[in-house]
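From a predicted model like this one, the values you see are computed outputs, not experimental measurements. Below, chains carry the letters A, B, ... as their sequence lines are ordered, and counting in each starts from 1. No hydrogens, no waters, no symmetry mates; every other heavy atom, side chains included, goes into these values.
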Amino acid sequence: MSEPLAPQYNPQAIESDLYRFWNQRGVFAPDGPSDHPRAGPPYVVVMPPPNVTAVLHMGHGLNNTIQDVLVRFERMRGRAALWIPGTDHAGIATQNVVERLLAKEGLTRFDLGREAFTDRVWSHVRETGAVILRQLEALGCSADWSRAYFTFNDDLSRAVREAFVSLYEKGLIYRGHYIINWCPRCLTALSNEEAEKEEEEGRIWRLRYPLADGSGHIIVATTRPETILGDTGVAVHPDDERYRGLIGREVRLPLTDRLIPIVADDAVDPEFGTGAVKVTPAHDPLDFEIGRRHGLASIDVMTPEARMSLAAPERFQGLDRYEARRRVVDEFERLGLLEGVDHHRHAVGHCYRCDTVIEPRLSDQWFVKMAPLAQPALEAYRDGRLRFVPERRGDEYARWMENIRDWCISRQLWWGHRIPVWYCQNEGCARMTASRTDIERCPDCGGPVRQDEDVLDTWFSSQLVPFSSLGWPDRTRDLDRFYPGHTMVTAPEILFFWVARMVMAGIEFRGSIPFSTVYLHGTVRDTQHRKMSKSLGNGIDPLDVVGLYGADALRYTLVAGSAVGTDVILDPDDIESSFAPGRNFANKLWNAGRFILSNLEGPVRPLAGPHANVIRRDELGLADRWIIARCDATVAEVTEALERFRLNEAAAAAYRFVWSDLADWYIEQIKPRLTGEQPGGDVARAVAAQTFDVALRLLHPVMPFITEALWQRLPGRAKDDSISVAPWPRPDPRAADTAALERFGAVQELVTAVRALRGEYGVQPGQRVHIRVTGSGPAGVFDDERDTIQRLAKVAELRLDQPAGTQLGAHAVLEDGTGVFMPAEGAFDVGRETERLQKEEDRLYRAIEAQKKKLSNQQFTSRAPAEVVEREREKLRDWSEQLEELTRKRKGLVMA
RNA sequence: GGGCGAAUAGCUCAGCCGGUUCAGAGCGCCUGCCUUACACGCAGGAAGUCGGGGGUUCGAAUCCCUCUUCGCCCACCA
């Protein structure tokens, strides 16, 4: 031990130095430090790349803590643990952030132009990216920084091109003219997953469309009246008797002068609405299909911003879609064509980045044909190669795969991987070429080419990360060695965005699934169970917590609070009590360490091994055998919990061992041995050192800094030793010692019973009492351990196997029926205690009487609010119980 | 509309392939202690008809049904 340790754990003083030490020592590399190589099989975790939009929030704190726990655990178990960190360029999200920054300067991206804009984004992401990496370090993440990836780096961009062109060549990527989800604010297409459906209270209008020949009308129902301006037909079910005679006839579309046909189509549900559907092929996916089947024209009546376009009648042009909706309904009403309007709950799509209502829009986009990719990904789940924790999440995965739809991958953005397709400008040729490298000339006619303006969905690049981060498409050593990986730890929100697509991409490009287990952790929420978010202002910055209580306190709290499949609830208004468990425990560990270390100066005899002065088994006392057995049970518990991804259980088991067993009992038991008051000091030192060492290793994955700091100070450590690469403790079957557990357990029970008696009868804290016990414990343990019992319970004289006597005193009964008697004499004054209790009883009795009177008063019970009356009744009940308790206690003062 | 999950101490949650950690932990609360590792501590304590109702069983917080309330996922019924 170098310098004395402060009584209060100060994480700031050690964390950054230790992190630097680990990094320089090379413990994060899969093979470990060169002088401490690991030879075990690989264990690979790919970090879900945080978006470079902004700094990390508590959700990232949770996500990365869990990964780090698992990686550190497997690393200590000797595996070539590799945690690959990275960041995501986050196309649409990042572009939005930078556009908002520009807006503050009164600029739009169009003012800058594409190149200047992307330069601007680059400088932004370089800043946030650097901050993110520092944050991950502050959390203690043991990632291999030499392999850090960024989804928009040159290497990963090359992987994106390879993936795109490869799929294109297989016919799995195609360009098509379809209805897609369009965000009128972000001005881009979105995938189905990016259009978040939300149930909303809306309205459905029933509108009359007059028949062209004036012989009547047909009533259609719509939730989006503004799209009427783009109607090119009306559809009914072919078997619908009501409309049979109308099929093939025409209606005159109100507000326009168009004649549009009534067609019959199976897709129409006769039960819904009026059974007649207005068909707007340019603005609804179902209508698009119907229109195509019947050769109806598509009229796009909206601009990209969701204003009415030049294709709409002049008086509507330029109107916002909702304004247009009102105007259309107004006009129908004026014309007497509004049949009615009803409330209607329905799901409306919202942009997942800006929450704007999605507009289905007809446009040319790029798509991935998903069914062939989904099939083997579904297979992998069904045959058990891919499993989920918690298990039920697998059903969601399977359902999604079963109902997979083609993936729209083109985005009308500037920030992202440009689609690697070139169009020949030569009219006679017009060839479209997908290429892994930039091309200047059309490969067919040699004419000039123009690259597609669009970029790819950001998830197209992130789905490749499990192998692109290892060098793919090159066949690298890393790729051979570290693909496939093992555990994917992520939030359930991105199960479909990312996890499912990684599985498909892994199978498609590497022939195997990228990981075997998907661990989906919960969401960090506030006490009202709202997701922590910047916009709600209910977030807690993980770095604030690290600054206040240290990374270990943060990590412990997050791990302890996240049972499998549950959310983590934290109170942003009370950070201190939210993180108190972690902070308090770190401090406890620190002080237990301080105490043990201060007693380990000088040589410590080894507990095991081929040493001459090894401690013999028969030198161990009961407490020693007990703590060794408890330690061993804890090793088994923590190991099994981590293997089963029950991180909270692992943390709780280690916590119990350190606090309840080691600190509260063992350390208290050995104090006089350490001072030499009692024999067995060297054994106590050895056992304390050994069990504390094990406890530190068990806790290291969760609390890496403090455990390292303490572990390095244990005797026999070389300067460069690190707990990060110390072997994980193994349960030792020889340590099982049920006799010791039972016997020491009895000692604990007796000590606790005496302490309770002391407390209950007001014995002065320093006063030593006499105790008589009717038995002597399992195999006479009370006699064997009388020193321990007397000291921990402050007993002056312990008499065993004592029959009932004739003294005044207090008694208690142990679980097995053993009686414990504390004579009043010299401990407490029966008279005074009786008096005190009697007084208290009287006081309570009077209060109860008064309360009864109050409650029997009609004036009160009838006039006061019900909850007030209930509260008063509650009080009465409480007091009555207290009174009983006092009486019991007073009567406990007996002649034993 | 379909699927899934949750309701346990004031708060946040464990326990839930039925009966020896079965009613638990942490925070909060009450009482007493600065006992030479720790007041971010020590010792003791109060506190829950395990959401309501029904059923299966010798026995249910734990299994089944139902109701209520929350939450999540999915959905082209205009």
Sequence neighbours left out, what passes side-chain contact (heavy atoms from CB on, under 4.5 Å) with Ser577(A)? Give chain and number order. Asp574(A)
side-chain contact (heavy atoms from CB on, under 4.5 Å) against Ile575(A), all qualifying residues, sequence neighbours excluded: Ile540(A), Val545(A), Leu548(A), Tyr549(A), Phe579(A)
Using a 4.0 Å heavy-atom cut-off to protein, can you give one letter per nucleotide of nucleotides 6-15 of chain B, 5' to 3': B if the base is in contact, S if only the sugar-phosphate is, - if neither? ------SSSS
Sequence neighbours left out, what pairs pass salt bridge (Lys or Arg N to Asp or Glu O under 4.0 Å) with at least one residue falling in residues 651-660 of chain A? Glu637(A)-Arg656(A)
Give me the distances for all protein-to-nucleotides 24-30 of chain B N/O pairs that come in under 3.5 Å?
none

What residues form a ring pair (Phe, Tyr, Trp, His ring centres under 6.0 Å) with Tyr655(A), not counting sequence neighbours? Tyr556(A), Phe585(A), Trp659(A)
Partners of His283(A) by side chain to side chain donor-acceptor pair (under 3.5 Å), sequence neighbours excluded? Asp300(A)
Please tabulate, one pair per line, each protein N/O and nucleotide N/O from nucleotides 73-78 of chain B that are separated by under 3.5 Å, including the distance.
| residue | atom | partner | partner atom | Å |
| --- | --- | --- | --- | --- |
| rA75(B) | OP1 | Arg405(A) | NH2 | 2.8 |
| rA75(B) | N1 | Glu199(A) | OE2 | 3.3 |
| rC76(B) | OP1 | Arg405(A) | NH1 | 2.8 |
| rC76(B) | OP2 | Lys197(A) | NZ | 3.4 |
| rC77(B) | O2 | Asp269(A) | OD2 | 2.2 |
| rC77(B) | N3 | Asp269(A) | OD2 | 3.3 |
| rA78(B) | OP2 | His344(A) | NE2 | 3.1 |
| rA78(B) | O2' | Ala221(A) | O | 3.4 |
| rA78(B) | N6 | Asp269(A) | O | 2.6 |
| rA78(B) | N6 | Phe272(A) | O | 3.2 |
| rA78(B) | N1 | Asp269(A) | N | 3.2 |

Contacts of type salt bridge (Lys or Arg N to Asp or Glu O under 4.0 Å), residue Glu359(A), not counting sequence neighbours: Arg224(A), Arg321(A)
Which pairs of donor and acceptor atoms, one on a side chain in residues 744-754 of chain A, lie under 3.5 Å apart (sequence neighbours left out)?
| residue | atom | partner | partner atom | Å |
| --- | --- | --- | --- | --- |
| Glu749(A) | OE2 | Glu815(A) | N | 2.7 |
| Thr752(A) | OG1 | Gln748(A) | O | 2.8 |

Give each stem of RNA chain B as a range with a range, requiring at least 3 consecutive Watson-Crick or G-U wobble pairs whose two distances are under 3.5 Å. B:1-7 with B:68-74, B:10-13 with B:24-27, B:29-33 with B:41-45, B:51-55 with B:63-67
Of all residues at least two apart in sequence or in a different chain, which pass the side chain to side chain donor-acceptor pair (under 3.5 Å) check with Glu391(A)? none
